[in-house]
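Single-structure report; data block below.
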Amino acid sequence: YYINLIIMFRKILFFLLLSTVSVSAQDNSDPGPTCFDVKILPENNPYYLEFADQYVVCKDQRVTITPTLNVPLRRTNMYDVEQIPFNPYPVTGGTDILFNTVDWRAADGDITLPFKFCYFDETYELISVHSNGYISFTDGFSHKAPNPGSNDPNDPIPTTNAGLTNTVMLFKHTHWVTGNRGSISYRVYGEAPCRVFVVTYFDHLAYQLSPQFCPPNVIPGQTHQIAFHETTNFIDIIVTQHNSCPLDNAGRAVMGINNATGTQGYAPPGRNLGLFDAVQEAWRFTPSGESMYRMEWLVDGVVVNNSNAPFDVVIDKSKIITAKLIAETCEEEYSDKYEIRLRPAIDLGTIELERLIVCDKNQNTYDLNELSQMVKDSQPDVSPEELAKLKFLYYPTEDDAIDKTNQIRSPREYPINMGENELYIRVETEIADCFEIAKAVIINTFGGIIASSILRCPKKRMSKLPLLSSVFPSKY
């Protein structure tokens, strides 16, 4: 009777305590940036997945957390050129760019980018848009001159031609001015820090200077776009329609990028100075210098490691592990993070079993399942479904519990003698070779139950503990 009252009282206290405690949980609901990200995926972390982003391992197990990175963030001192799928942005609906003279061939004013952009190791916020298909990065004064002497492309890239330094181009002699057929406009897509700034050259005549050489009923309207990507500093040249016309030097074109000194430039194969047609094709100029990001690893909100490598951590208790990716490009910092929770499969390190007094001198058996329930009650972070998977086995000695020999087969009616009755509880989980052993001593008439536990993963002999000791955490 007294035993049942004490057990009931302990359960009430446990549930009252549990109702006042909120367990910190991982939260990956924010999708974060779209142009770079970090994740921790089950396929790269072979641990027991209890549910989304929560893993279970053996107590005191050292685990290695391997992140999955999508980090196209590199220094812009060099570039790779690759063809990408043709996927143009809308060609209408942007802000028109005004041009009042054919001779100058630059827009009436510079355009301020909505973000800082890195180009050949320099950072820019202003561009000058030229009507003949190219854009120059500028500080408001430099790199704004027209192609000297002629609207016709005459130089392959790289070129020191003052009109083509610091440019991104599909340069051709369009000879366009506001009021002619077509338009030049810009528009911003997406959200920071992954916006895209797009300039669209839409539906121009192939050769506005002398349309009779390239009649519009024969040569379609010419359309291309130049896109600048925030944070990644990608540059896309997206060509819907380009035709070299007329078929002489006046119809030549140049596609590519050229640095501020004209000493470094990149062009797609077959798209440097010359006569060529391009229909529904797109090219990306991707920075290819050293990586421009760093990582931080946090345990329960505290930074403990700054390595980009996989992270090792010992799971001696429930822990929130955060992988934080920090982008460091163009004088700006942006970040993304991903959290997971790892907990021990069973943790007897904090359990404190009260003395359960057997005061009836006629009581000669004890229900060991009461001890199992006390163990379950001491695991507040474990769901009832997972607790139901635990397996409790009882043995007369520690060696028996380790080797699983001489199991006590009648736990509901375990015989007890006057004085001390020592036994061992083996708590097994679904994880192979991951278990704990708890020592219990039932004292008939004068005592109670004392328990000491140690994690068993893998087998290791438990050191002898004093009878009245509290529970000690594992040392390995």
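All values below come from the heavy atoms of this structure, side chains included, with hydrogens, waters and symmetry mates left out. Because the structure is predicted, anything quoted here is derived from the model rather than measured. Heads up: numbering here begins at 1 and tracks the sequence.
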Inset, instruction - State whether Lys389 and Glu430 are salt-bridged, where the test is any N-O pair (Lys NZ or Arg NE/NH1/NH2 against Asp/Glu carboxylate O) under 4.0 Å. - result: yes
Legend entry - Electrostatic pair Lys404:Glu428 at N-O distance under 4.0 angstrom: yes
Legend entry - Side-chain donor or acceptor of Asn258 paired with backbone N/O of Thr159 under 3.5 Å: yes
Legend entry - Ion pair Glu398/Lys439, N-O distance below 4.0 Å: no
Legend entry - The single option from Phe197, Phe228, Tyr89 passing ring pair (Phe, Tyr, Trp, His ring centres under 6.0 Å) against Tyr189: Tyr89
Legend entry - Donor-acceptor pair between Tyr55 and Glu50 side chains, under 3.5 angstrom: no
Legend entry - Arg412 bridged to Glu370 by N-O distance under 4.0 Å: no
Legend entry - ring pair (Phe, Tyr, Trp, His ring centres under 6.0 Å) between Phe276 and His242, intermediate numbers included: CA-CA 8 Å; Phe276 61 86; His242 163 74; 5.0 Å; yes
Inset, instruction - Check whether any side-chain N or O of Asn305 sits under 3.5 Å from a backbone N or O of Ser307 as a donor-acceptor pair, and report yes or no. - result: yes
Legend entry - Sidechain N-carboxylate O distance under 4.0 Å for Arg271, Glu281: yes
Inset, instruction - Any chance you could lay out the ring pair (Phe, Tyr, Trp, His ring centres under 6.0 Å) test for Phe137 and Tyr119, step after step, and finish with the verdict? - result: CA-CA 8 Å; Phe137 292 96; Tyr119 185 66; 4.6 Å; yes
Legend entry - Under 3.5 Å side-chain donor-acceptor pair for Asp400 and Thr405: yes
Legend entry - Candidate pair Tyr79 and Phe285, rule ring pair (Phe, Tyr, Trp, His ring centres under 6.0 Å), full reasoning: CA-CA 6 Å; Tyr79 291 83; Phe285 300 81; 7.5 Å; no
Inset, instruction - Give a yes or no on this: more than 12 heavy atoms of other residues, nucleotides or ligands lie within 6.0 Å of atom NZ of Lys391. - result: no
Inset, instruction - Answer yes or no: are there more than 12 heavy-atom neighbours, outside Lys324 itself, under 6.0 Å from its atom NZ? - result: no
Legend entry - Worked check of side-chain contact (heavy atoms from CB on, under 4.5 Å) between Ile326 and Tyr293: CA-CA 6 Å; Ile326 302 168; Tyr293 71 92; over 6 Å; no
Legend entry - More than 12 heavy atoms of other groups within 6.0 Å of Glu82 CD: yes
Inset, instruction - Identify whether the distance between the nearest side-chain nitrogen and carboxylate oxygen of Asp236 and Arg284 falls below 4.0 Å. - result: yes
Legend entry - From CA spacing to verdict: side chain to side chain donor-acceptor pair (under 3.5 Å), Gln373, Asp377: CA-CA 6 Å; Gln373 187 60 48; Asp377 290 347; 2.9 Å; yes
Inset, instruction - Apply side-chain contact (heavy atoms from CB on, under 4.5 Å) to the pair Ile315 and Gln61, showing each step before the final yes or no. - result: CA-CA 6 Å; Ile315 306 304; Gln61 182 177 344; 5.6 Å; no
Inset, instruction - Return yes if a side-chain donor-acceptor contact under 3.5 Å exists between Asn166 and Ser136, otherwise no. - result: no
Legend entry - Thr68 versus Asn44, side-chain donor and acceptor atoms under 3.5 Å: yes
Legend entry - Backbone of Gly289 reached by a side-chain donor or acceptor of Arg74 within 3.5 Å: yes
Legend entry - Cationic N near anionic O, under 4.0 Å, Asp347 to Lys317: no
Inset, instruction - Run the salt-bridge test on Glu339 and Arg341 with the 4.0 Å N-O cut-off and return the result as yes or no. - result: no
Legend entry - Side-chain H-bond candidate by donor/acceptor type, Thr165 with His143, under 3.5 Å: yes
Legend entry - Lys/Arg cation over aromatic Phe435: Arg426, 6.0 Å, 45° cone: yes
Inset, instruction - Count the heavy atoms of every other residue, nucleotide or ligand shown that sit under 6.0 Å from CD of Glu43, and state whether that count exceeds 12. - result: yes
Inset, instruction - Please check if any side-chain donor atom of Asp53 sits under 3.5 Å from a side-chain acceptor atom of Tyr338, or the reverse. - result: yes
Inset, instruction - Apply side-chain contact (heavy atoms from CB on, under 4.5 Å) to Asp110 and Thr138, showing your working. - result: CA-CA 8 Å; Asp110 296 330; Thr138 179; 4.1 Å; yes
